[in-house]
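Everything numeric here is computed off the predicted structure, so don't read it as measured data. No hydrogens, no waters, no symmetry mates; every other heavy atom, side chains included, goes into these values.
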Amino acid sequence: MLGRLSWSAIPFDQPIPLITSVVVILIVLAVLAIVTVKGWWPYLWREWITSVDHKRIGIMYVFLGLVMMLRGFADAIMMRTQQAVAVGSAQGYLPPEHYDQIFSAHGTIMIFFVAMPLIFGMMNFVVPLQLGVRDVAFPVLNSVAFWLTASGALLVNLSLFIGNFARTGWWNYPPLSELAYSPGVGVDYYLWSLQISGAGTLMGGINMVTTILKLRCPGMSYFRMPVFCWTALASSMLIVAAFPILTATFVMLLLDRYVGMHFFTNEAGGNQMMYVNLFWIWGHPEVYILILPAFGVFSEVIATFSGKPLFGYRSMVLATLAICIISFMVWLHHFFTMGAGADVNAFFGIMSMIIAVPTGVKIFNWLFTMFRGSVVFTTPVLYTIGFMVTFVIGGLTGVLLAIPPIDFVVHNTVFLVAHFHNVIIGGVVFGMFAAYNYWFPKAFGFTLHDGWGKAGFWCWLVGFYLAFMPLYVLGLLGMARRLQHIDDPGWQPLLLVAELGAVVIFLGILCQIMQLYVSIRTREQRRDQAGDPWNGRTLEWSTSSPPPPYNFAVMPKVETLDAFWEMKQAGRAARQPPYEAIEVPRNTGTGFITAFFATMTGFAAIWDIWWMAILGLLAIVITASAFGWSENREQEISADELSRREDAWLSPGPAA
């Protein structure tokens, strides 16, 4: 009846996951109790859970990413502590099987459920506003995409206290992930959670590409789009091209595990290296899927706070598109050591160096934008400057790893771990924190406390260097990655420095939590009445803060790059009456209901509860069909209502 599911799935004999599970359950129950007692359920259902407004969905993406960052960071500090204390005869506090699960969950969560939701959140919130349109191309599909991502995150967290997670690393290589070597449910949790969230990611990518290519406001030609829209387009095109590869790869591995096929086995014609190739054909474009939107954020921040147009706009766009194309030609540098041959290694080594060129172009563009500008050193600008310094170091070490003979020496060491975190933390994480501080007042109507924001930045920057620079040295000394126990006591001092770095990063997280708390408490003093707190250059700053559900009462007409800046200089308002009635999509529970049954289906497939999986799939089909046959999908906002809303904030009006 319940397949493999039994009471033995609960980790009663493992105190750390059991206690953690109990704490998490109590926190969830406490939140549900507060929401119930306060009577917030109708509001949450009406305004958030069923919302198809791209801004609300973007905010929920960011919230999901930040919550999962806390979970992923908890895994990170547990691993760092284990390595710092498990030296010589000391065994530490994490047994090997639990350490391997934490190690695998950390990478999976940080890539798929922190970085991806954060970039999708920013793209969802900002891109339609910058394009001067009222929503994304497919609002309901947008809701489904978000809730499927949340569904995958829920399944990963369920593995904490029902069963276990994969012990394979976040890349899940066969033959270790094959049934013979991982007979439990850990790999199945990995595969089903990523299949479900991957479907949501693909939907989101298709939606974003369609929105940018087809829904720009009048006059918004391609070369009048803000750079963030270009980077969002490039990232989304990579998603559309790369994620089906990952989905197909996981389907083949699922078939290996569930029905005894031999795509990646070591016998019956299977080929483990096929999985490695397919995974990294997706995996290296994924790095640029994550970093390109961050590049767009830095471009917006630098131009705004330098009071100048972005230097070399067209070269920035061309560099973005070059990265988009070349990113599919470098995947094999992830396994130079696996015997592809000298000619193949040489080609991919050269391509890996070439892709550094357009990135270097961007660095110089940002520096020249700041040169002789009136730079205001706000929190977003500090994250941008910290990124430029840190990312250059990561890029240089990446060029080193692109040289096959050097890669042969350091590939399986923590040198590579340091490089990867160098570009992901210094690039993606810093970029999303810059975006969070930059667009927060647009989302919520008040600015964040700059003092606490800067304190958080310095803790993150110092903590990063303390945590990962020692790993470069340890890698050159020969410390292998993925170690649960350290044999060489001489490495411990540097590991303790790395542990200190993790603690300093934790202080940075506390500063950011305090920043949010203080900002909410003092929000009346920091209200953004005009909608343009930074004297911005792009169209999102022409709306009220937060923007209305319809974004623009009158579609703006763009005549040049930096459209809103030019409107202000010319003394023209971004939108002017007369108003006409407009239609906006109605809220729907389709996304939430679909994700609920997707979670049920995934959980049932993990535990071989096939009747439940079939019911879940049928429910998804019925939900999609019910929405497809529905007719009352839009509601009208009258011209009088638009006039009333616009007059409420246009007088005395925004800076113009």
Side-chain angles (χ1 to χ4, degrees), residues 48-66 68 111-131 133-155 193-215 228-247 250 282 285-294 296-297 324 428 431-432 435 439 585 588 590-595 598-599 620 624 627:
W48 293 94
I49 295 174
T50 63
S51 177
V52 296
D53 184 344
H54 72 95
K55 300 177 292 296
R56 294 287 174 93
I57 291 172
I59 291 169
M60 289 191 290
Y61 264 120
V62 172
F63 179 76
L64 172 65
L66 293 176
M68 292 301 289
I111 295 293
F112 292 99
F113 301 113
V114 175
M116 290 299 294
L118 287 177
I119 68 159
F120 259 109
M122 296 304 171
M123 291 193 301
N124 258 286
F125 184 87
V126 176
V127 166
L129 290 170
Q130 287 195 335
L131 293 176
V133 297
R134 294 195 171 108
D135 211 320
V136 294
F138 310 115
V140 176
L141 190 70
N142 203 23
S143 173
V144 174
F146 164 73
W147 285 109
L148 287 179
T149 302
S151 173
L154 177 60
L155 278 177
S193 64
L194 296 192
Q195 287 290 60
I196 292 170
S197 65
T201 300
L202 182 59
M203 291 177 189
I206 293 170
N207 207 349
M208 198 58 60
V209 169
T210 308
T211 300
I212 296 171
L213 294 183
K214 303 299 291 184
L215 291 187
F228 183 76
C229 293
W230 274 108
T231 58
L233 175 62
S235 177
S236 300
M237 289 192 298
L238 287 175
I239 287 170
V240 173
F243 264 81
I245 300 171
L246 186 70
T247 299
F250 286 166
W282 161 83
E286 168 68 7
V287 174
Y288 293 100
I289 288 169
L290 299 178
I291 198 65
L292 283 172
V297 171
C324 186
V428 180
M432 293 305 104
W439 281 305
T588 173
T590 300
F592 180 79
I593 296 169
T594 299
T599 305
I620 291 171
F627 175 77

Non-neighbouring partners of Phe125 that pass ring pair (Phe, Tyr, Trp, His ring centres under 6.0 Å), sequence neighbours left out | none

Evaluation steps, side chain to side chain contact (heavy atoms under 4.5 Å, CB included), between Ile119 and Ser235 = CA-CA 9 Å; Ile119 68 159; Ser235 177; 4.1 Å; yes

Student check: side-chain heavy atoms of Ile57 and Val136 closer than 4.5 Å = no

Show your reasoning for whether side chain to side chain contact (heavy atoms under 4.5 Å, CB included) applies to Phe120 and Ile239.
-> CA-CA 11 Å; Phe120 259 109; Ile239 287 170; 3.6 Å; yes

Non-hydrogen side-chain atoms of Met237 and Cys324 separated by less than 4.5 Å | yes

Which residues share a salt bridge (Lys or Arg N to Asp or Glu O under 4.0 Å) with Arg56, sequence neighbours left out = Glu47

Can you sort out the partners of Ile206 under side-chain contact (heavy atoms from CB on, under 4.5 Å), two or more places apart, ordered by chain and number?
-> Leu202, Thr210, Val240

Compare every heavy atom of Val297 with every heavy atom of Gly431, then report the nearest pair and how far apart it is.
-> O-CG1, 3.5 Å

Rounded distance (nearest 0.5 Å) linking atom CE of Met208 with atom CG of Leu233 = 10.5 Å

Starting from the C-alpha separation in whole Å, work towards a yes-or-no answer on ring pair (Phe, Tyr, Trp, His ring centres under 6.0 Å) for Trp282 and Phe250.
-> CA-CA 12 Å; Trp282 161 83; Phe250 286 166; 7.7 Å; no

Rounded to the nearest 0.5 Å, how far does OG1 of Thr201 lie from CZ of Phe146?
-> 12.0 Å

Can you name the ring pair (Phe, Tyr, Trp, His ring centres under 6.0 Å) partners of Phe592, sequence neighbours left out?
-> Trp45, Trp147

When you look at Val144 and Phe138, which way does the side chain to side chain contact (heavy atoms under 4.5 Å, CB included) test go after all the steps?
-> CA-CA 10 Å; Val144 174; Phe138 310 115; over 6 Å; no

How many angstroms lie between CG in Asp53 and CE in Met60, if you round to the nearest 0.5 Å?
-> 9.0 Å

Locate the shortest heavy-atom distance separating Gly58 from Asn124; write the atom from each residue and the value.
-> CA-CB, 3.8 Å

Do you know which two heavy atoms are closest between Pro285 and Ala242, and how far apart they sit?
-> CB-CB, 4.2 Å

Return the set of residues passing side-chain contact (heavy atoms from CB on, under 4.5 Å) with Ile111 (not counting sequence neighbours), or none when no residue passes.
-> Trp170, Glu286, Leu290, Phe420

At what distance, to the nearest 0.5 angstrom, does CD of Gln195 lie from OG of Ser151?
-> 12.5 Å

Rounded to the nearest 0.5 Å, how far does NZ of Lys55 lie from CG of Leu129?
-> 6.0 Å

Quick one: side-chain contact (heavy atoms from CB on, under 4.5 Å) partners of Val62, sequence neighbours excluded?
-> Leu66, Leu118, Met122

Return the minimal non-hydrogen interatomic distance between Asp135 and Pro585, and the atom names on each side.
-> OD2-CG, 4.2 Å

Looking only at heavy atoms, the pair that brings Gly152 and Ile196 closest together is N-CG2, 4.3 Å

Backbone of Ile620 reached by a side-chain donor or acceptor of Thr594 within 3.5 Å | no

Under 3.5 Å, is there a donor-acceptor pair between the side chain of Thr211 and the main chain of Asn207?
-> yes

CZ of Phe113 to OG of Ser193, rounded to nearest 0.5 Å, is 4.5 Å

Exam field: side chain Ser197 to backbone Thr149, donor-acceptor pair closer than 3.5 Å | no

For residues Met123 and Pro128, report the shortest heavy-atom separation together with the two atoms involved.
-> O-CD, 3.8 Å

Quick one: do Leu131 and Leu215 satisfy side chain to side chain contact (heavy atoms under 4.5 Å, CB included)? Show the steps, please.
-> CA-CA 8 Å; Leu131 293 176; Leu215 291 187; 5.7 Å; no

Phe228 backbone acceptor or donor facing Thr231 side chain under 3.5 Å | yes

